[in-house]
Every structure is written in C-alpha cells, then in structure tokens.
There are 2 protein chains.
Amino acid sequence: MPEATVARLPLYLRALTTLAERGVATVSSEELAASAGVNSAKLRKDLSYLGSYGTRGVGYEVDFLRHQITREIGLTQDWAVVIVGIGNLGHALANYGGFASRGFRIAALVDADLSRVGEEVAGLKVRHADELEQIVQDLGIAIGVVATPARAAQLVCDRLVAAGVTSILNFAPAIVQVPEGVDLRKVDLSTELQILAYHEQRKNGAALALTAEQAAELAEAVNG
Amino acid sequence: MPEATVARLPLYLRALTTLAERGVATVSSEELAASAGVNSAKLRKDLSYLGSYGTRGVGYEVDFLRHQITREIGLTQDWAVVIVGIGNLGHALANYGGFASRGFRIAALVDADLSRVGEEVAGLKVRHADELEQIVQDLGIAIGVVATPARAAQLVCDRLVAAGVTSILNFAPAIVQVPEGVDLRKVDLSTELQILAYHEQRKNGAALALTAEQAAELAEAVNG
DNA sequence: AGACGCTTGTGAACGTGTGCACAAAGTTGC
DNA sequence: GCAACTTTGTGCACACGTTCACAAGCGTCT
C-alpha cells in the first residue's frame with residue numbers, strides 16, 4: 001500500500017466516524033471525498049487498496065468501511081504508548097482525550113526531572129527516566145512519544161530503541177537518527193509555521209505585484 | 001520553488017543553526033545533508049533554488065546560507081500569531097519557546113470559555129473569543145493557530161478568515177474547509193500515531209511470518 | 001426481462017519528486 | 001602556472017503520486 005494512502009486512511013476514518021455519528025448508513029465516494037477534503041478519484045483508488053468494499057451504483061456502507069479501515073490500520077488491538085518528557089507539551093499529550101478512543105492507551109509517563117517524578121498527570125504517576133527500559137519491557141510498549149527538550153531527544157530515542165520500541169513520534173525540535181527498522185515520525189510546530197510564513201510572504205509579494213500592475217493599468221488609463 | 005523543497009528549508013535552517021552554535025564556519029553538502037537526515041544531491045538541488053550560494057571545492061558558508069534561507073522563508077520580519085483555544089495544547093503552544101527565536105511572536109491568546117478569560121498565560125492575558133475579529137485587525141495578524149476542540153474548529157477558522165487571517169495552523173482533530181487563497185496546514189496527533197500503528201502492525205505481521213517460516217524450517221529439520 | 005441511471009474500480013496520461021552521475025568550477029600544493 | 005583534488009550545480013532517468021476518463025457492475029423502474 002502506498003505511503004500516501006496510509007497517511008490518508010486516518011482522515012477517511014475520521015470522516016466516516018463523523019458520518020456514522022450523524023446516522024448516515026451509506027456514502028458515495030464523491031460525498032466522502034468532499035468531507036475528507038480530497039479528490040474523489042483519489043479516494044476510490046485509496047479504498048481500492050483495501051479491497052472492493054463499495055457497491056457500484058450505491059456507494060460504501062459507512063460502518064463496514066469504517067471497520068475495514070480500522071482493521072487495516074491495526075486499531076482493533078490497543079497500543080500501549082509511553083510519553084517521555086512531561087513538560088507543557090507532555091502534559092497536553094497525556095491529557096489529550098483523542099488517543100483512547102482511537103486504540104491508543106497511554107501506559108506510562110516518564111521524565112528526567114526529579115521534581116516532576118511522582119506527580120500525577122492524567123491519572124498516571126510520572127516515573128523517572130532511569131526506569132524507562134524496565135517500563136518499556138514490562139508493559140510491552142512498541143510506540144514511544146518524545147516530548148523532551150531538543151538536546152535530550154537523541155538520547156531518549158536511542159534508549160527507547162534499545163529497550164525495544166520500534167515506532168517513535170518525535171515532538172522535540174531536533175533531528176534524530178534511528179536505526180533501520182524503526183519508524184520515526186516527527187511533528188514540528190515551528191517548521192509548520194515556517195512553511196506558512198513562506199507562503200504568506202509570497203502572498204504579500206503577489207499582492208504588491210498586483211498592486212503595481214494595477215498601478216500600471218491605472219497610469220495607462222490616465223495617460224492613454 | 002517546489003513545495004517539497006519549501007518543507008525542507010526549515011530543516012536545513014535548524015541544522016545550520018546548530019552548526020553555527022558549534023562555531024562551524026563552512027559546511028559541505030554532504031555534511032549538512034547528514035545532519036539534516038537527507039540525501040546530499042537533494043540538499044544541493046534544494047539549495048540551488050535559492051541561488052548559487054555554494055563554493056565548489058569548499059562548500060557553503062554557514063552564516064551566509066542561514067541568512068539566505070531565513071530571508072527566503074520570510075523570517076526576517078516577525079509574524080504576529082494568535083492562538084485560539086487555551087486548553088492543554090494551547091497552553092503548551094503559548095509557552096513553547098521555539099517560536100520567538102524563529103520570527104514568530106505570539107500576539108494574543110483567545111478562548112471561548114469565560115472561566116479562562118483574564119487568566120495570564122505566558123505573559124499574556126487570555127481574551128474572549130468575541131474579541132477575535134477586533135484583535136486580528138488591530139494587531140495585523142496574518143497567522144492563526146487553532147487549538148480548540150474539534151467541534152469549534154470550523155467556526156473559528158471561518159471567523160479568522162473573515163477577519164483577515166490568510167494562514168492557519170490547525171491542531172484540532174477536525175477536517176476544516178477554507179476558501180481559496182487561505183493556507184491551511186494541520187497537525188494531527190492521533191493521525192500520526194495511526195500511521196505508526198499501521199507500520200507497527202505490518203512489522204509484527206512480518207515477524208510472525210518469519211516465525212512461521214522458522215517453524216517450517218524447524219519442522220523440516222526434525223522430520224527430514 | 002430489459003433499459004436506464006448511477007457509482008465504483010482502474011487503465012493510462014500527466015506531473016512532481018528523487019537520486020545518480022558527471023561536467024564545471026573552485027582550491028590547494030608544488 | 002599547472003596538476004590533482006574537492007565539491008557544487010544540474011541533466012537525465014526513474015519512481016511515486018495524482019487526476020482524468022470510462023468500462024464494468026449494480027440497483028431501479030417500467
């Protein structure tokens with residue numbers, strides 16, 4: 001399955017859940033594509049990788065399709081997750097309700113700062129970083145979330161990998177390297193803003209250019 | 001400039017900043033690519049869109065290149081940002097130090113919940129959502145960050161756009177539609193985890209298949 | 001039963017992104 | 001000044017992703 005398709009499946013899943021909550025039983029690729037914000041041909045091609053779950057002339061059965069995507073992504077089992085770094089962001093992640101409902105269970109919170117250890121966050125006691133390996137092994141954790149400062153990120157990832165974690169979601173603004181076989185995704189707040197800033201700047205430039213053009217037209221109209 | 005290149009410029013900028021802090025004056029495409037975690041040919045092609053800023057046989061001057069990228073992204077000016085939704089995530093974003101150092105200034109915090117209005121977060125008083133339009137216009141805000149619950153996201157985006165915001169970074173787990181000309185990027189925590197889960201599941205599947213194969217080999221060894 | 005209308009699933013064309021490989025261009029050493 | 005070495009910038013081939021367009025299939029209505 002193409003990586004681009006995998007990245008969109010959660011989007012479809014969310015759209016389907018919304019439709020299911022509204023009591024919609026079947027949906028066409030056109031409608032579903034619209035509510036997911038993608039092209040309908042792309043949606044159909046994406047869904048075709050799962051199998052032929054649609055009915056020509058009718059569309060897709062919402063609940064059935066939802067179940068198929070859930071199964072394909074692997075959300076029928078629940079995934080134990082450890083969050084490393086319980087600062088502002090770690091707190092926010094720990095308290096984020098969206099995980100539990102989507103097959104993820106926050107199994108442990110870890111921090112290197114002794115003043116945070118023992119504190120209760122989202123119903124879990126924060127444990128010390130020294131216990132990280134033990135926790136990962138005892139709880140059979142495969143997915144780690146890194147929300148530490150940038151300077152700690154590489155070390156934390158190394159330790160997670162050494163303890164047996166094979167998927168890492170990194171929020172730290174740092175470039176970390178992981179060995180082959182370990183999946184690393186990163187979410188970088190300032191990178192996202194910088195991309196927006198680039199386009200914003202070009203928009204303003206375009207606006208100015210347009211104004212200049214309009215000015216030229218105006219000049220021509222006046223002089224011509 | 002290709003979109004894929006734009007998305008990598010912040011990465012290079014970060015790598016260059018790290019190098020500059022370490023006192024490195026010049027860097028080859030090979031070294032810079034390694035620290036940014038990309039292919040060196042790709043890096044060179046990306047940088048070539050900015051102009052011919054390298055010296056053959058030597059490499060790139062760190063400070064100079066850093067400045068060029070900063071200018072290209074539009075980080076020489078500072079961008080006023082409003083954060084809407086001061087829950088756990090909004091708090092974390094408001095307190096995130098990485099913005100100020102990268103040309104972004106959090107100019108206002110807004111929330112619909114009256115119990116949060118007036119609270120001081122990261123040195124700013126939280127203001128009420130009713131004031132949103134006024135704030136955007138008064139402060140000349142072009143970039144909005146949405147950290148509200150999913151159900152409020154579309155309305156908040158509509159109001160931001162109506163008030164003149166042309167770039168939105170959406171953290172709410174909802175699919176929002178914006179008119180042409182407005183840039184929308186989204187950061188979705190559970191989507192990222194779901195993508196990891198998909199690969200994790202496949203890894204386990206592969207591991208199980210291998211075990212089955214090993215079992216077959218073992219059976220053959222025993223029986224043969 | 002057959003014709004009609006609607007929607008899926010997919011072949012094919014197109015566009016974008018990636019990476020190799022090398023010529024061009026600079027530096028260093030003698 | 002020239003040869004040897006290093007590194008950039010880029011042409012080219014390939015892989016990946018997207019979109020169009022339409023045949024195939026299903027349901028409905030007469």
Side-chain angles (χ1 to χ4, degrees), chain A residues 1-12 15-16 19 24-69 72 180 183 185 191 195 198-199 202, chain B residues 1-12 15-16 19 24-69 72 180 183 185 191 195 198-199 202:
Chain A
M1 169 144 12
E3 189 57 35
T5 297
V6 174
R8 280 189 295 267
L9 288 182
L11 199 67
Y12 303 151
L16 286 167
L19 289 171
V24 179
T26 59
V27 67
S28 71
S29 65
E30 201 70 47
E31 294 165 320
L32 185 53
S35 59
V38 301
N39 183 293
S40 72
K42 181 154 51 177
L43 171 75
R44 287 198 300 276
K45 186 152 285 186
D46 284 342
L47 295 184
S48 75
Y49 290 108
L50 305 177
S52 280
Y53 295 142
T55 308
R56 296 172 191 232
V58 178
Y60 301 89
E61 203 186 325
V62 172
D63 278 335
F64 182 70
L65 187 56
R66 200 151 71 106
H67 180 257
Q68 292 304 325
I69 295 179
E72 186 71 23
E180 189 100 5
D183 276 300
R185 295 189 66 86
T191 293
I195 295 169
Y198 170 82
H199 292 295
R202 298 201 76 214
Chain B
M1 168 144 13
E3 190 56 35
T5 297
V6 173
R8 281 188 294 266
L9 288 181
L11 199 69
Y12 303 150
L16 285 167
L19 289 170
V24 179
T26 59
V27 66
S28 71
S29 65
E30 202 71 45
E31 294 166 319
L32 184 54
S35 59
V38 300
N39 182 294
S40 71
K42 182 155 48 177
L43 171 75
R44 289 198 296 278
K45 190 156 284 187
D46 284 342
L47 295 184
S48 76
Y49 290 108
L50 305 177
S52 279
Y53 294 142
T55 307
R56 293 170 193 231
V58 179
Y60 301 89
E61 202 186 325
V62 172
D63 278 334
F64 181 70
L65 187 55
R66 199 151 71 105
H67 181 257
Q68 292 304 326
I69 294 179
E72 188 70 21
E180 188 100 7
D183 275 299
R185 295 189 68 86
T191 293
I195 295 169
Y198 171 82
H199 292 295
R202 298 202 77 212

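Letters A, B, ... are given to chains in the order of the sequence lines, protein chains preceding strands, and every chain is numbered from 1. Only this structure's heavy atoms are used, side chains among them; waters, hydrogens and symmetry mates stay out.
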Output the rounded distance in Å from [atom1] ([X]) to [atom2] ([N]).
| X | N | atom1 | atom2 | result |
| --- | --- | --- | --- | --- |
| A:Leu65 | C:dT7 | CG | P | 16 Å |
| A:Leu47 | D:dT18 | CG | C1' | 15 Å |
| B:Leu32 | D:dT7 | CG | C1' | 13 Å |
| B:Glu61 | C:dG26 | CD | P | 16 Å |
| A:Leu43 | C:dT10 | CG | P | 14 Å |
| A:Leu50 | C:dT10 | CG | P | 12 Å |
| A:Tyr49 | C:dT8 | OH | C1' | 15 Å |
| A:Phe64 | C:dT8 | CZ | C1' | 15 Å |

Check: Of A:Leu50, A:Val38, A:Thr5, which meets side-chain contact (heavy atoms from CB on, under 4.5 Å) against A:Tyr12?
Finding: A:Val38
[X] side chain near [N] phosphate (N/O to OP1/OP2, under 4.0 Å):
| X | N | result |
| --- | --- | --- |
| B:Lys42 | C:dG19 | yes |
| B:Asn39 | C:dG17 | no |
| B:Arg8 | C:dT18 | yes |
| A:Tyr60 | C:dG9 | yes |
| B:Ser29 | D:dT8 | yes |

Check: Nearest nucleotide by nearest heavy atom, which residue falls closer to the 5' end of DNA chain D, A:Ala4 or A:Thr55?
Finding: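 This one resolves to A:Ala4.
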Notebook entry, point to check: Toward the 5' end of DNA chain D, which comes first, A:Val58 or A:Asp46, by nearest nucleotide?
Noted result: A:Asp46
Next item on the list: Identify whether any heavy atom of B:Tyr53 sits under 4.0 Å from a base atom; if not, whether one sits that close to sugar-phosphate; answer base, sugar-phosphate or nothing.
Entry: sugar-phosphate
Margin query: Between D:dT19 and A:Lys45, counting only base atoms on the nucleotide and side-chain atoms on the residue, is there a donor-acceptor pair under 3.5 Å?
Written below: yes
Check: So does B:Arg56 reach the base of D:dT8 with its side chain, donor to acceptor, closer than 3.5 Å?
Finding: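 Answer is yes: a donor-acceptor pair is held.
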Item checked: A:Leu43 and A:Arg8: CA distance, side-chain angles, deciding distance, side-chain contact (heavy atoms from CB on, under 4.5 Å) verdict -> CA-CA 9 Å; A:Leu43 171 75; A:Arg8 280 189 295 267; over 6 Å; no
Next item on the list: Rounded to the nearest 0.5 Å, what's the gap from OG1 on B:Thr26 to CZ on B:Phe64? Could you check?
Entry: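 Between atom OG1 of B:Thr26 and atom CZ of B:Phe64 there are 14.0 Å.
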Notebook entry, point to check: Which atom names give the shortest non-hydrogen contact between A:Leu32 and A:Ala15, and what distance separates them?
Noted result: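 Taking every non-hydrogen atom into account, CD1-CB, 3.9 Å.
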Next item on the list: Counting heavy atoms from C-beta on, name the nucleotide in C:dT7, C:dT27, C:dC20 closest to the side chain of B:Ala41.
Entry: C:dC20
Check: Which nucleotide in the list C:dT10, D:dT10, D:dT7 gets nearest to the side chain of A:Arg44?
Finding: C:dT10
Notebook entry, point to check: Do B:His199 and A:Glu3 meet the criterion of a side-chain donor-acceptor pair at a distance under 3.5 Å?
Noted result: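 There is such a pair (donor and acceptor under 3.5 Å, judged by atom type) between the side chains of B:His199 and A:Glu3.
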